Amino acid sequence: MIKSSLTLDEILEILDEVECDYELHERPEDLFCYIACDLFGADFTIFPWGPGPFYKEFTFEAIRNPELDPETMCTEFNKIHSFATAVPVDLNESDDDEATTDIVIAIKKLVSFDGGVTDGFIKKTIELWGGMLLSTEGFFEGPVVEVEDE
């Protein structure tokens, strides 16, 4: 069946089907919710967008800590992976102390249901997202250093 929107229950049902561990966080007073997910060790968050209960899109988001130059790493990531985008984010940007920075890499993918999608499409998209996160687990820590035998 093709759907142009999903309810929160439908999203959670799909997460159950792909065997994703998750925790739903809701704030009913302002209709905000997100789902903290762990798919085979790949941690990420799903943010349904819109007023609900019928969501027309959501984003996958993940955070990584860079050990190398964040801008260079994001550029390289974005060249390699067309499925998602990575941007450096300074968590202390609002602080008055310009010397204090806490930069992380935000990886994001927007999934839209415009035109209609199937549950199978959403399942495969979640699996692809988790696989992409697992395959790039050490990416922001820098290149692998090869040790030569004597």
Side-chain angles (χ1 to χ4, degrees), residues 2-6 8 10-25 32-52 54-150:
I2 295 178
K3 302 173 183 177
S4 59
S5 65
L6 292 175
L8 194 54
E10 289 172 320
I11 295 170
L12 298 178
E13 188 176 298
I14 291 169
L15 289 173
D16 287 335
E17 290 177 20
V18 296
E19 299 180 23
C20 181
D21 294 329
Y22 62 85
E23 187 174 331
L24 175 63
H25 301 268
F32 177 77
C33 69
Y34 67 93
I35 308 163
C37 300
D38 178 349
L39 182 61
F40 306 117
D43 294 325
F44 60 94
T45 305
I46 297 175
F47 290 98
W49 290 105
F54 300 102
Y55 298 100
K56 296 191 179 288
E57 58 190 15
F58 61 75
T59 54
F60 294 123
E61 298 186 23
I63 300 292
R64 296 290 182 264
N65 291 311
E67 292 184 13
L68 299 175
D69 177 52
E71 291 179 9
T72 301
M73 294 305 293
C74 287
T75 299
E76 291 303 311
F77 179 92
N78 293 335
K79 278 193 221 176
I80 295 169
H81 299 283
S82 60
F83 184 72
T85 56
V87 294
V89 176
D90 186 352
L91 298 177
N92 293 327
E93 190 173 54
S94 61
D95 289 353
D96 292 334
D97 183 10
E98 291 181 20
T100 305
T101 62
D102 188 12
I103 294 187
V104 296
I105 304 300
I107 305 170
K108 185 185 273 192
K109 165 72 177 156
L110 175 67
V111 178
S112 175
F113 311 132
D114 281 346
V117 297
T118 63
D119 287 354
F121 171 81
I122 300 297
K123 287 179 201 174
K124 291 299 179 190
T125 302
I126 292 169
E127 291 169 347
L128 183 60
W129 171 257
M132 186 270 312
L133 288 177
L134 289 173
S135 70
T136 60
E137 200 155 81
F139 185 85
F140 294 102
E141 296 167 8
V144 175
V145 176
E146 295 183 15
V147 178
E148 294 182 14
D149 292 335
E150 292 182 5

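All values below were derived from every heavy atom in this structure, side-chain atoms included, with hydrogens, water molecules and symmetry-related copies excluded. Just so you know, these numbers come straight off a predicted model, no measurement behind them.
- Between Ile103 and Leu91 the shortest side-chain heavy-atom distance does not fall below 4.5 Å.
- Looking at every heavy atom in both residues, Cys20 comes nearest to Cys37 through SG-CB, 3.7 Å.
- Taking the six-membered ring for Trp and the full ring otherwise, Trp129 and Phe60 have centroids separated by under 6.0 Å.
- When all heavy atoms of Pro66 and Val104 are compared, the pair lying nearest together is CD-CA, 3.8 Å.
- Considering every non-hydrogen atom in both Gly130 and Ala42, the closest pair reads O-CB, 3.8 Å.
- Applying the side chain to side chain donor-acceptor pair (under 3.5 Å) test to pairs two or more places apart or on separate chains, none has a residue in residues 33-48.
- Side-chain contact between Lys109 and Phe83 is present, with at least one heavy-atom pair separated by less than 4.5 Å.
- Side-chain contact between Ile35 and Phe47 is absent, with no heavy-atom pair separated by less than 4.5 Å.
- Open room surrounds CD on Glu71; 12 or fewer heavy atoms of other groups in view lie less than 6.0 Å from it.
- One finds the CG atom of Leu6 at 12.0 Å from the CD atom of Glu57 (value rounded to the nearest 0.5 Å).
- Residues that satisfy the side-chain contact (heavy atoms from CB on, under 4.5 Å) test with Ala106, not counting sequence neighbours, are Ile63, Val87, Val89.
- Around CZ of Phe54, the count of heavy atoms belonging to other residues, nucleotides or ligands within 6.0 Å does not exceed 12.
- Nearest approach of Val117 to Ser112, heavy atoms of both residues: CG1-O, 4.1 Å.
- Expressed to the nearest 0.5 Å, how far OG1 of Thr136 lies from CE of Met132 amounts to 5.5 Å.
- You'll find the ring centres of Tyr55 and Phe113 outside the 6.0 Å limit.
- The nearest pair of heavy atoms linking Ala84 to Asn78 is O-OD1, 4.0 Å.
- In this structure, the side chains of Leu12 and Leu24 come closer than 4.5 Å at one or more pairs of heavy atoms.
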Worked verdict on Ile105 versus Asn65 for side chain to side chain contact (heavy atoms under 4.5 Å, CB included)
CA-CA 6 Å; Ile105 304 300; Asn65 291 311; over 6 Å; no
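- Applying the salt bridge (charged side-chain N to carboxylate O under 4.0 Å, His left out) test to residues at least two apart or on different chains, the pairs with a partner in residues 112-122 are Lys3-Asp119.
- Separation of atoms CD (Glu10) and CG (Leu15) is listed at 12.0 Å; rounding is to 0.5 Å.
- The CD1 atom of Ile122 lies 8.0 Å from the CD1 atom of Ile11; values are rounded to the nearest 0.5 Å.
- Here the side chains of Thr75 and Phe77 are not in contact, with every heavy-atom distance at 4.5 Å or above.
- Once rounded to the nearest 0.5 Å, the distance linking NE2 of His81 with OG of Ser135 reads 5.0 Å.
- Between Lys123 atom NZ and Glu127 atom CD the span is 8.5 Å, to the nearest 0.5 Å.
- Between Leu39 and Glu19 the shortest heavy-atom distance is CD1-O, 4.1 Å.
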